[in-house]
Amino acid sequence: MTASGPLADPRKQPHDSAGGDDFDIPFDLPADTSAPRPRPGGIAARAAALANPGGPSSPGGAYLDGLNPEQRAAVEATEGPVLVLAGAGTGKTRVLTTRIAHILSLGRAWPSQILAVTFTNKAAREMKERIGAMVGEQVEGMPWLGTFHSIGVRMLRRHAELVGLKSGFTILDTDDQIRLLKQLLQAENIDEKRWPARLLANTIDGWKNRGLSPQQVPAGEGAAFANGRGQKLYTDYQARLKALNAVDFGDLLLESIRLLRENPDVLADYHRRFRYILVDEYQDTNVAQYLWLRLLAQGSHNVCCVGDDDQSIYGWRGAEVDNILRFESDFPGAKVIRLERNYRSTGHILGAAAHLITHNEGRLGKTLFSEGESGEKVTVTGAWDSQEEARAIGEEIEQLQHHSHALSQIAILVRASFQMREFEDRFVTLGLNYRVIGGPRFYERAEIRDALAYLRVIASPTDDLAFERIVNVPKRGLGDAALRQIHEHARAMGLPLVEAARQLVGSEALKPKVRLTLRDLVGAFDRWREQMANMPHHELAEIVLDESGYTEMWQKDRSADAAGRLENLKELVRSMEPFENLVGFLEHISLVMDAEGAGGGDAVNIMTLHSAKGLEFDTVFLPGWEEGVFPNQRALDEQGRAGLEEERRLAYVGITRARRRAKVFFASNRRIHGLWQSSVPSRFLDELSEKDVEVTESRGGSGWGGGQSGRYGYGPSRFDEAQTFGGSSYSTPGWQRAQNAGRGESHSGGGGGRFSDSGFSDNRPSRYAATSAARGRVIEGELIARSSGSPSAFKRGDRVFHQKFGYGEVMTVEGNKLTVQFDKAGEKKVVDSFVQAA
DNA sequence: TAAGGGACTATTTTT
DNA sequence: TAGTCCCTTA
């Protein structure tokens, strides 16, 4: 877990360029450059490039070898706006990095004149590495390669005073943000139950994502929160931030935009500076990011955005697919280059994914193709319940393992993290190595945040939020009452909390005991601050954790995870070493929040579909393809068609992660938040092209079809009967007749059911169904089975028995779907073949 | 002030 | 089911 610590990635010091403007001071060219190098952007350079566009004799031309014609075009179209529509697995990153190498190598710009933006630190790091591999040391001279946010910080630190900040401003994370908002809500006497701080934080974030300042918030929206007080709260919040000399993540962009808009000279500087702008994952940009980019791109117009509208899966946090759809009108004269040659997946995988995504409207349209083999078909497997699903996947993985398949090349991609547990449980039993990717981040852990809060107070005594966090951690008798007093004094005198505390200690206002404790605390902070000057900061951190009693607190804690927390604290201290000083470390922490590291040997990867974007694996398992889970019900309810389309893109992302094998699963029953839900197979299953899909039987499935009923505790069931499972296929005449009998019928799919009525009828015939019999089978090359099979044998009022829900009474009948009022489990929608007459 | 019980609520997540 | 947060009680 610790080999490469999550935080062990020091960056340049944040303030390295804050003082002198390093504009127009070119980074030294590497000594080993072979070709004569014209002055960047000089006429000679342009002429040379025009005369010999990327030809083999162009400087460093070797890196162009091996690009396909489209990729090459994207690399060489350096001038003017370019949109590269790069489908999954078409070499997007390669194009981006090669393009930068190309620009450098032609001498069109110094490294410091290229702005290259990504979304995550990980992506930035990777890009840097890959560029480095091509151009060597030059990459070190690229200060403007980074995330939107880190570049925003860089700009703001240079010009902080222009937007009413001091250069040492702190960056609040979500946690701080929420605590601050809580205070505001309390001050306004707003019921936090009804209007939770988290919701307000989301609302404000949403506004910031759209580039809206408090004054710009549409009146109606501003009024929607807390009976008309949303906008005021936003205004107050911004005022509080300014008072604290702090910004939140949204501000990093919003304030940068303001800076550029209100200061034409600053903007002009950046225009001169950024000769080339490159943007990764353009489909994920939100409005604020778009505005920011557009401002900067007005200088050179050399902006190249790379993205894939089909992989836009962050609409829910403000990403605007529209940005990519509108690129050509936003940047007139834009070249659009499509990368459609897929180098990752086999033909069947690609075919299935491509067919699925055609169900979306509003896309730019790409057709991926590969020249590789068609490989194995995508499999679809039904399981009785989520446990069996996990069991089946576990067994398949063991099979693969026996065939020397590396576990690290296997991924299980789930829609939501509650699905992970089932797999973890199962893999623990099997002794199968796995790792969960995503999870709680290192920096989010309470102990890390506490430790950081101590350090923050030391580094900047005005950091009230940090002080509040740790005044009484560990418990030292400075509870609410004491804190309130400090607060009041601070407000009255206009002081930061630490100062207010210092003054109170010198007065008679506090109870003696409190006063003593507080005096010690303030004294300790003073002492630590002095030590900061003449002691390595990581040693200081250790001292602070010791002397504050924080380490001791966890040592005494006898809960199961206390040891882990102490380990994390050690890791934190270790990770500080490479940094020059405490301030530098804290800056890094506030921006670089991805906790990579933990390579940890050969293990199956379990993660959400979202976090799988950009990754690839030989074998990908996609469990949980059921209506309600995937597509997620809430996405449907809240976003309607747009929500469905985003879910579909997510499915597309999932399938296209697979190089050789994609294996989709659905379960007919799933325990969600402790309650058993029965579910209908996902509509996405029907949207996979039949020629690329094979429906298989659940192999782990003793629950189904293995004839070993009862072994896993469901007791005997009619699904075990040979009639249902006999033979290896369902191509028996009787089965076909049964299926055909149901065709052409429709049933009303609406009606308040849990998985319906979201504006999409689900009464289309489905090739899959949750019925025992209707786990789709291949019949003469066609997958059939319908969720709306023959009319139900049950009628209203019948008493029925269900394996999971127990006894109940049929309330309504729609086709083969029943709404049953169960005696214990409440009202459920179930498919009739899951119940039997009682 | 601090611990323990009851109510409540459950996507996706980066910075 | 399980984790969190708030409120009550000692």
Side-chain angles (χ1 to χ4, degrees), chain A residues 117-124 146-153 171-178 182 191-193 196-199 202 205 208-209 247-254 281 284-286 288-289 312-319 386 413-422 425 437-441 443-444 446 472-483 511 513-514 517 587-595 607-614 624 628-639 643 646-647 649-651 653-654 670-677:
Chain A
V117 211
T118 64
F119 274 84
T120 65
N121 292 296
K122 192 174 159 218
T147 63
F148 278 98
H149 296 266
S150 67
I151 290 169
V153 176
I171 301 164
L172 301 192
D173 58 34
T174 325
D175 220 63
D176 296 325
Q177 201 186 353
I178 298 224
K182 263 192 185 142
D191 179 8
E192 280 181 74
K193 286 269 166 57
R198 177 161 293 280
L199 179 65
N202 284 335
D205 272 350
K208 290 189 173 176
N209 285 337
V247 293
D248 64 17
F249 284 120
D251 286 338
L252 294 177
L253 283 166
L254 216 52
E281 306 277 17
D284 287 338
T285 50
N286 60 34
Q289 286 156 339
S312 163
I313 55 175
Y314 284 109
W316 52 274
R317 64 173 198 218
S386 43
L413 308 182
V414 298
R415 173 66 245 264
S417 34
F418 71 80
Q419 294 171 257
M420 292 180 177
R421 219 189 134 140
E422 212 87 66
D425 288 352
I437 300 193
R441 269 154 238 295
Y443 79 95
E444 276 174 350
N472 203 28
V473 181
K475 304 264 188 257
R476 44 171 80 90
L478 297 173
D480 285 349
L483 187 60
K511 283 191 222 156
K513 211 175 160 189
V514 172
T517 319
E587 171 86 3
H588 171 80
I589 275 300
S590 58
L591 282 177
V592 178
M593 293 175 155
D594 57 347
M607 67 186 97
T608 63
L609 286 159
H610 281 93
S611 41
K613 194 170 72 151
V629 173
F630 192 36
N632 177 276
Q633 190 60 35
R634 224 161 113 180
L636 261 38
D637 290 344
E638 288 168 16
Q639 303 291 326
E646 185 153 312
E647 294 289 300
R649 291 193 289 268
L650 206 44
V653 168
R670 182 176 294 279
R671 197 164 49 182
I672 300 176
H673 311 317
L675 283 176
W676 284 99
Q677 307 276 333

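Residue numbering restarts at 1 for every chain, and letters A, B, ... go by the order of the sequence lines.
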Legend entry - Nucleotide dA10(B), atom P - distance to CD of Q419(A) in whole Å: 18 Å

Legend entry - Salt-bridge contact R670(A)-E422(A) (side-chain N to carboxylate O under 4.0 Å): no

Legend entry - Out of dT12(B), dT15(B), dT11(B), whichever nucleotide has its closest atom nearest the side chain of L591(A): dT15(B)

Inset, instruction - Keeping the roles fixed (side chain from T285(A), backbone from E281(A)), state whether a donor-acceptor pair exists under 3.5 Å. - result: no

Legend entry - Spacing between K513(A) atom NZ and dT1(B) atom C1', to the nearest angstrom: 9 Å

Inset, instruction - Look at the side chain of R415(A) and the base of dT12(B), then say whether one donor and one acceptor between them are separated by less than 3.5 Å. - result: yes

Inset, instruction - Hey, which sits more toward the 5' end of DNA chain B by its nearest nucleotide, T174(A) or G477(A)? - result: G477(A)

Inset, instruction - Provide, to the nearest angstrom, the distance between the NZ atom belonging to K613(A) and the C1' atom belonging to dT11(B). - result: 17 Å

Legend entry - H673(A) ring over dA10(B) six-membered base ring, under 5.5 Å and 30°: yes

Inset, instruction - Determine the contact category for A635(A): base if any of its heavy atoms lies under 4.0 Å from a base atom, sugar-phosphate if only primed atoms, P, OP1 or OP2 are that close, otherwise nothing. - result: base

Inset, instruction - Give one of base, sugar-phosphate or nothing for E647(A), where a contact means two heavy atoms less than 4.0 Å apart. - result: base

Legend entry - Nearest-0.5 Å distance, NZ of residue K122(A) to OG1 of residue T147(A): 14.5 Å

Inset, instruction - State which of dC6(C), dT13(B), dA2(C) makes the closest approach to the side chain of K182(A). - result: dC6(C)

Legend entry - Any T608(A) side-chain N or O less than 4.0 Å from OP1/OP2 of dT11(B): no

Inset, instruction - Examine dT15(B): is either OP1 or OP2 under 4.0 Å from a nitrogen or oxygen in the side chain of N121(A)? Give yes or no. - result: yes

Legend entry - Euclidean distance, atom CD of residue Q177(A) to atom P of dT13(B) [Å, nearest integer]: 18 Å

Inset, instruction - Return the value, rounded to whole Å, for the distance between atom CD1 of I589(A) and atom C1' of dT14(B). - result: 15 Å

Inset, instruction - Starting from P on dT1(B), measure out to CG on L478(A) and report it in whole angstrom. - result: 8 Å

Inset, instruction - Would you mind reading off the distance between F249(A) atom CZ and dT14(B) atom P, rounded to a whole angstrom? - result: 11 Å

Legend entry - Side chain of R421(A) - closest among dT13(B), dA2(C), dT12(B): dA2(C)

Inset, instruction - To the nearest 0.5 Å, tell me how far E638(A) CD sits from Q633(A) CD. - result: 10.0 Å

Legend entry - Side-chain (E646(A)) to main-chain (G643(A)) donor-acceptor, under 3.5 angstrom: no

Legend entry - dT11(B) glycosidic torsion: syn (within 90° of 0) vs anti: syn

Legend entry - Between C1' of dT12(B) and CG of D284(A), the distance in whole Å: 12 Å

Inset, instruction - Kindly confirm whether the side-chain ring of W316(A) is stacked on the base of dT12(B), judged by centres under 5.5 Å and planes under 30°. - result: yes

Inset, instruction - With the side chain of T120(A) defined as its heavy atoms from C-beta on, choose the nearest nucleotide among dT15(B), dT11(B), dT12(B). - result: dT15(B)

Inset, instruction - Hey, can you tell me if H610(A) and W316(A) have their rings parallel, tilted or perpendicular (30° and 60° cut-offs)? - result: perpendicular

Legend entry - Options dT14(B), dT15(B), dT12(B), nucleotide nearest the side-chain atoms of R317(A): dT14(B)

